[in-house]
Structures are given as C-alpha cells and as structure tokens.
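None of the values given here were measured: they were computed from a predicted structure.
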Amino acid sequence: MNLRLGRGIAVVVAGILTLAGMAGVAQAQTSALDRIEKQKTLRVGWAVWHPYVFRDPKTNQIQGISYDLVQDLGKTLGVKVEWVEDSWATLPAGLQANKYEITNLMAITPPRAAVVDFSNAVTKHGLSLIGPKAEVAKTKGWEEWDRPGVKIAVTLGANSDMFVTEKFKKAEIVRLKTVPENVLALVSGRVHAHASTIDALKTIQKEHPDLAIVPGSYGGSEVAFGVPKGDTKLDNRVNQFVTDAKRNGRIKQLLDKYGLESSFAAD
C-alpha cells in the first residue's frame with residue numbers, strides 16, 4: 001500500500017472514530033428532561049397501588065397521591081402528563097426501554113435501584129398482612145403466619161414481594177400479577193392472607209369488612225419516583241420538586257386527603 005494513501009486512510013478512520021465518540025458522549029449526555037421540554041409531554045409509567053395510584057371504579061379516572069403529585073410536577077414543568085399503564089413487575093424495564101420518563105411513586109429497593117435511579121424519598125411506610133378477621137384474631141403478629149400450610153398472596157414485582165420472600169420461610173408465597181387478583185384469591189379462600197403496605201391493606205379492609213390487618217410490621221420502605229439510570233439532570237429537577245412539596249406542605253396535605261394514616265412524609 002502507498003504510504004501516503006495509508007496515512008490518509010488512517011486519518012479518515014481516526015476522524016470517524018472521533019465523531020462516533022463525540023456522538024456517543026452527546027447521546028449519553030442527553031437527558032429525558034430535554035425530551036420532556038421539547039415535546040411538552042411527561043410520560044409516566046404506573047401500576048395500581050391503593051391508595052397511591054388507582055382508577056376510581058365509578059369514573060375509571062386515575063387518582064391517588066402519586067397522580068396528584070405528578071400532575072403538580074407537570075404544571076411545574078409546563079407540560080402535559082401522559083399516563084402509561086404497566087405492571088409492577090415491568091415498570092423498571094419500561095423506564096429502561098424509554099416507554100416513559102418517570103414512574104409513579106414506588107418503594108426504593110436494592111433490585112430496583114440496580115437498574116433505575118430514584119428521586120429523594122417522598123414518603124415512608126410499613127408492611128403487613130390482611131386475612132379473615134376470625135383468623136387474624138387468633139394470632140398476635142405476622143410471625144405466626146409463617147408456618148407450613150399457609151398461603152400468602154403478594155403482587156409480583158412489588159416491594160412487599162421482596163420483604164415477604166426474606167421474612168417468610170415456611171409459608172407458601174403465591175405471586176399474582178395485580179392487586180385485584182390477590183384480593184380475589186383471598187376472599188375466595190385460595191390463599192390465607194395478602195401482603196402489602198399497611199395503608200393499602202386499610203383500603204382493602206374498607207371494601208371487605210370481614211377482613212382484618214395482622215398486628216405489627218415485617219418491613220418498611222421509603223417511596224420515591226423512579227427515573228432513568230444516570231439521568232442526573234432529570235433526577236435533580238424532580239428532587240427540587242420533591243423538596244418544594246415537602247416545604248410547602250403539599251405532601252402532608254395529600255397524605256391527609258387520601259387517608260394514609262400509616263405513611264409519613266420522608267425526611
């Protein structure tokens with residue numbers, strides 16, 4: 001090969017690699033916040049979690065503390081909010097696949113934190129079980145439900161799944177896709193208890209007065225918005241919103257509005 005030609009090819013290749021590298025850096029630095037502001041739309045991935053986010057059975061409209069806070073965030077950013085329904089098992093994957101820019105409030109857990117980033121904690125809560133009132137009356141705490149023959153339903157991918165798996169070694173854990181499936185399994189007698197956050201269980205108890213919540217808590221979590229991994233720009237913007245919502249009392253107001261007696265604004 002001609003020496004001059006070889007040097008020319010080398011220069012061209014080096015230039016291509018440099019441009020590719022610059023494009024990669026530019027892509028890595030692109031924030032979902034830039035896309036939100038350009039398209040004037042904030043896409044939010046969500047899955048049912050009473051009373052944080054759910055559909056009103058009478059109107060089919062989404063509501064809950066997550067809903068109200070995200071609508072507030074949309075107004076702060078000056079954009080429209082688009083709600084993208086998903087499942088708890090696939091919310092993190094949906095965020096990675098760019099199906100939405102943030103998720104509704106969800107518990108901060110190590111498995112989730114490995115694939116998505118979280119905003120500053122918004123609230124914190126405890127977890128327990130709900131079961132038939134007559135059976136709950138016979139026990140003093142959740143530990144007595146961890147025995148052979150007992151079936152505990154939990155929503156696949158929920159933070160309660162992680163805690164139940166860690167704490168319950170003898171009972172059988174039945175993982176179902178949605179909260180309504182868990183409740184149906186409980187009231188139909190297919191399982192003996194359902195595991196979730198205490199406030200969520202209180203919502204179920206209001207609809208099924210023949211059920212009762214088991215005393216005590218087998219775990220607790222802080223709750224935050226999920227954002228794309230490494231997207232510092234969006235994370236910082238959401239954190240500022242969360243900080244303001246704590247300072248102006250908005251989070252406490254919404255906890256009271258939706259009757260979350262066992263959840264508290266995070267520090």
Side-chain angles (χ1 to χ4, degrees), residues 47-54 64-66 88 104-113 118 120-176 178-183 185-187 191-224 226 251-252 254-267:
V48 174
W49 178 20
H50 290 275
Y52 273 80
V53 59
F54 58 96
I65 181 173
S66 274
W88 281 107
N104 59 224
L105 292 174
M106 61 180 180
I108 302 172
T109 65
R112 289 173 180 166
F118 284 96
N120 292 339
V122 179
T123 64
K124 51 187 176 182
H125 60 239
L127 301 101
S128 190
L129 305 173
I130 192 169
K133 186 176 292 185
E135 295 301 317
V136 172
K138 300 176 183 178
T139 59
K140 297 180 180 180
W142 63 266
E143 296 91 343
E144 297 179 48
W145 292 73
D146 186 22
R147 62 182 192 273
V150 173
K151 294 182 178 180
I152 299 174
V154 65
T155 304
L156 180 65
N159 72 311
S160 49
D161 187 352
M162 181 186 72
F163 281 102
V164 167
T165 301
E166 178 184 346
K167 297 291 186 179
F168 291 77
K169 302 301 183 183
K170 300 176 183 177
E172 178 183 348
I173 302 172
V174 179
R175 295 176 175 85
L176 301 173
T178 66
V179 173
E181 288 179 83
N182 280 272
V183 176
L186 176 58
V187 298
V191 299
H192 301 90
H194 165 53
S196 190
T197 59
I198 295 174
D199 278 316
L201 298 180
K202 287 182 177 179
T203 301
I204 295 171
Q205 188 179 28
K206 290 177 182 178
E207 299 176 357
H208 300 276
D210 54 332
L211 301 177
I213 299 173
V214 176
S217 175
Y218 55 82
S221 297
E222 290 187 321
V223 175
I251 292 175
K252 176 65 167 59
L254 290 175
L255 289 172
D256 292 341
K257 174 183 176 179
Y258 289 101
L260 277 73
E261 300 173 351
S262 299
S263 294
F264 309 90
D267 298 331

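A donor-acceptor pair is defined here as one N or O able to donate and one able to accept, closer than 3.5 Å; no such pair exists between the side chain of Tyr52 and the backbone of Ser66. With hydrogens and angles ignored, the 3.5 Å screen pairs a side-chain donor or acceptor of His194 with a backbone N or O of Ala153. Panel note: side chain Thr123, backbone Val223; no donor-acceptor pair is recorded below 3.5 Å. Not a single donor-acceptor pair under 3.5 Å links the side chain of Ser263 to the backbone N or O of His125. For the pair Ser128 (side chain) and Gly216 (backbone), a donor-acceptor distance under 3.5 Å is present.
Shown here is Glu144, whose CD atom has more than 12 heavy atoms of other residues, nucleotides or ligands within 6.0 Å. Residue Lys169 qualifies as enclosed at atom NZ: its count of foreign heavy atoms under 6.0 Å is above 12.
Atom-to-atom distance recorded for Tyr218:OH and Trp145:CH2 is 12.5 Å, nearest 0.5 angstrom. Interatomic distance, OG of Ser196 versus CZ of Phe163, reported as 12.0 Å (0.5 Å rounding). How far CD1 of Ile204 is from CG of Leu211: 8.0 Å, rounded to the nearest 0.5 Å. Once rounded to the nearest 0.5 Å, the distance linking OG1 of Thr165 with CD1 of Ile152 reads 10.0 Å. Considering OG1 of Thr155 and CH2 of Trp88, their distance stands at 9.5 Å, rounded to 0.5 Å. In this structure, OG on Ser160 lies 8.0 Å from CG on Asn182, to the nearest 0.5 angstrom.
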For this session: Go through the steps to decide whether Ile251 and Val122 satisfy the test side chain to side chain contact (heavy atoms under 4.5 Å, CB included), and finish with yes or no.
Result: CA-CA 8 Å; Ile251 292 175; Val122 179; 3.5 Å; yes
Exercise. Can you check side chain to side chain contact (heavy atoms under 4.5 Å, CB included) on Lys167 and Asp146, steps first, answer last?
Worked result: CA-CA 8 Å; Lys167 297 291 186 179; Asp146 186 22; over 6 Å; no
Exercise. Hey, mind stepping through Glu135 and His192 against side chain to side chain contact (heavy atoms under 4.5 Å, CB included) and telling me if it holds?
Worked result: CA-CA 9 Å; Glu135 295 301 317; His192 301 90; over 6 Å; no
Exercise. Asp199 and Lys202: side chain to side chain contact (heavy atoms under 4.5 Å, CB included), yes or no, with the steps?
Worked result: CA-CA 5 Å; Asp199 278 316; Lys202 287 182 177 179; 4.1 Å; yes
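Considering every non-hydrogen atom in both Val164 and Ala195, the closest pair reads CG2-CB, 3.5 Å.
Screening Thr197, Asn104, Thr203 for a side chain to side chain donor-acceptor pair (under 3.5 Å) with Trp49, the sole residue that qualifies is Thr197.
Under a 4.0 Å N-O distance rule, the pair Arg175/Asp161 qualifies as a salt bridge.
Considering only heavy atoms from C-beta on, Phe118 stays 4.5 Å or farther from Thr109 through its side chain. Side-chain atoms of Ile173 and Val154, non-hydrogen and from C-beta on, do get closer than 4.5 Å to each other. Looking only at side-chain heavy atoms (C-beta outward), Leu186 and Pro132 come within less than 4.5 Å of each other.
Between Trp142 and Phe168, the ring planes lie tilted relative to each other; the angle falls in the 30° to 60° range.
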